[in-house]
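Take a look at the structure set out below.
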Number of protein chains: 2
Amino acid sequence: MSDAYYLQLTEQLRSLIDINATQWEGKLPAERVLAERFATTRVTLRQALAQLEGEGLIHRSNRRGWFISPARLVYDPTRDAGFNDYVRAQGRRPRTAVLKLETCSHLPAARALGLPDDQPFHHIRRRRYVDDRAVLVESLWVVPNCAPELLDIYAGQSLWGLLRERWGHYLANRSIRMVSEALSPRDAEELLVAPGTAGLNINRAILDDQQRPIEYDEEHWLHDSLCISVELSGQQ
Amino acid sequence: MSDAYYLQLTEQLRSLIDINATQWEGKLPAERVLAERFATTRVTLRQALAQLEGEGLIHRSNRRGWFISPARLVYDPTRDAGFNDYVRAQGRRPRTAVLKLETCSHLPAARALGLPDDQPFHHIRRRRYVDDRAVLVESLWVVPNCAPELLDIYAGQSLWGLLRERWGHYLANRSIRMVSEALSPRDAEELLVAPGTAGLNINRAILDDQQRPIEYDEEHWLHDSLCISVELSGQQ
DNA sequence: CTGGCTGGTTGGTATAGACCAGAAGTTTGC
DNA sequence: GCAAACTTCTGGTCTATACCAACCAGCCAG
C-alpha cells in the first residue's frame, strides 16, 4: 500500500497539528521549516497543506502563513436571526466592518427581485468576523423605498432588525441559492486570503408578505468557516 | 498591473474553452500540449487549470484528463422530489447505480436520529449520474421497522417514493447539514476523480409527523455539479 | 469475434532551485 | 517618544525535469 507521499504527509501533519495546536497558538511553522522537518520540498509539502485546506482543517492568510481553522460556524440561511446573535449564541465573538455605502443599480439584484434593470438600490458592503477572523464579505442591495434614509443611519448593525423595527418590513418570501466558488481577487483581498481560495457563495432575494421586493444580497464565505444547517418541519 | 502568469493563463484558457467547447466534445487537450501552446511548464499550467476547477468551469476525471463542466444541477435538499424527477425536469438524464445493500449499524445515523448506538439499519449505497457523469455517491440508513423488506425489493428507484407509497411514511421533519469537504479516497474512487477533489457533503435526518425516526442519509457531491436552491415562504 | 497482451499517452507525483513582493520586526533618525 | 527606513522572513510564483501508474487503443492469439 504505497500511498502517495503527500498523503502520508497529510496524515503526519494532521497529528502534528492535533498535538501542537495550543503551543503554536494556531499558526503553523514556516513552510520551509516543515519541508525540512519532513525531508521533502516545499512543492510537495504545499500539496499536503492544500489537502488539509480542502478539508477545512487549516487555512492561510495571504502571505502570512498557515493557521489552524477554528470550528465551523453553524448557520441557517433561511432564518433571519442577526449575525451578531447567532455568533454569540455559539460562544464566538462577532464583528462587522462596513466597507461601502452608496446608491447604485445592480443587474443581478434587479433581476432576482423582478425590477427594471436600471433600478437604483441602497448598496451596503460589509465584512464580518468571527473571533477576529474575517470569514465573509457581503453586499446587500435594498430597495430605497423600503428604507429611505438607510445610508445615513447604517453603522454595522443587523439590517433585517432595522428593516423590521424602523420601517416595519416583515421578510416573508425568500429565494436562496448556494454554490461553491473560487473567491474573486476582490473578495479574496478583502478577506486577506490568496486569490482563488475556495469559497461559498450564498445569494438571497427577499420579498415581503405581499410579494413586494425588499432586498437582495450576496454573501461570500470562506469555505471552511461554516456549516449550513436547516431545520424544517411539516411536509414540503 | 503584472498579474501572476497563471492568472493570465486562466483567462486565456477560459476564452479558449468558450471557443472550442463544442469542437473538443468537452475534453481539453493534454496538459503537455496546452503547456507547450502557452510556452510554460505543466506545473504552472496545472495551477491555472486548478483555478478553473475551483470555479467549477472544468473538472478532471482521474487520470483521464480535463473536461468542461456542464451546467450545475439545481437542487433543493428540503424537498423530497425524487432525483430522477428533478433531473429530468431540468432536461438532463438521470441514472442510478446501487453499490451496496446490507443491514448494519452506523453511529452517525443512530446519533442523528436519537437511537441507540447499536441500532441496526438497512443501508443502501448508491452512485448517481447526470448525463452519464457520476456526480454524487450517497449512503442511506433506513430504520428497518419502517421498511422491513426494503433490501429485497430495492433496485435504484426513489427511496422516498417507496417509503410513501409502499409503507405509508410521510416525511415531515428534516434536519439538514451541508459542509464543504475534500472527498475521501473511497468517495473519490467511486466518483472516478482524484483523491482530495473538492466536494459538498449533505447530511439529512428525517422523522415523520410523530417525530418517529425514519431515515438518515449522507450525500457526497462533486462541488461543481450542483447549485443549491431553497424557496421559502412565510416568516421564519 | 473475443479476450488478453502491449506499448504509447497522459495525468499524478516528486525533486531542486530560484526570484519576487508583501508582512513583520528592528533599527535609525528626528 | 514616535515615525520612517531598512532588513529579514515568508508565502506566492515559476522553471526544468523526471519517473510512475493508470488508461486506452491497437495488435495478436485463440
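Everything numeric in this text was worked out from a predicted model, so none of it was measured. Naming convention: chains lettered A, B, ... in sequence-line order (proteins, then strands); numbering from 1 in each chain.
Summarising the geometry, the separation between CZ on A:Arg63 and C1' on C:dG22 is reported as 5 Å, rounded to the nearest angstrom. In this entry the distance linking CD of A:Gln47 with C1' of C:dT15 reads 13 Å, nearest Å. For the pair A:Arg60 CZ and C:dA23 P, the interatomic distance rounds to 15 Å; values are reported in whole Å. As rounded to whole Å, 13 Å separates atom P of D:dT15 from atom OH of B:Tyr6. For the pair A:Leu34 CG and D:dC9 P, the computed distance is 17 Å after rounding to whole Å. Rounding to whole angstrom units, CD of residue A:Glu31 and C1' of C:dG17 are separated by 15 Å. Across the protein-nucleic acid pair, B:Asn62 atom CG and C:dT9 atom P stand 21 Å apart, rounded to whole Å. Residue B:His59 contributes atom NE2, which lies 14 Å from atom C1' of C:dG11 at whole-angstrom precision.
A residue-by-residue look at B:Arg32 and B:Leu192 shows that B:Arg32 has its nearest nucleotide of DNA chain D further toward the 5' end. Nearest-nucleotide mapping onto DNA chain C: of B:Val33 and B:Val43, the residue sitting toward the 5' end is B:Val33.
Among the protein residues, B:Arg64 comes within range of the sugar-phosphate backbone only, with heavy atoms under 4.0 Å from sugar or phosphate atoms but none that close to a base. Within 4.0 Å of B:Arg42, counting heavy atoms only, lies at least one base atom of the nucleic acid.
For B:Arg125 and B:Glu190, the salt-bridge test passes: some basic side-chain N is under 4.0 Å from an acidic carboxylate O. Using a 4.0 Å cut-off between charged side-chain N and carboxylate O, A:Arg95 and A:Asp132 make a salt bridge. Using a cut-off of 4.0 Å between Lys/Arg side-chain N and Asp/Glu carboxylate O, B:Arg186 and B:Glu189 are scored as not salt-bridged.
Between the side chains of A:Trp66 and A:Glu53, no donor-acceptor pair of N or O atoms lies under 3.5 Å.
OP1 and OP2 of D:dT17 both lie 4.0 Å or more from every side-chain N or O belonging to B:Thr41. Put simply, B:Thr44 has no side-chain N or O that comes within less than 4.0 Å of OP1 or OP2 on D:dT13. Remark: A:Arg46 is not in phosphate contact with D:dG11, judged by side-chain N or O atoms under 4.0 Å from OP1 or OP2.
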Full working for salt bridge (charged side-chain N to carboxylate O under 4.0 Å, His left out) between B:Arg79 and B:Asp85: CA-CA 12 Å; B:Arg79 312 260 157 185; B:Asp85 293 334; over 6 Å; no
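Closest to the A:Thr40 side chain, of the nucleotides C:dG11, C:dT15, D:dG11, is C:dT15.
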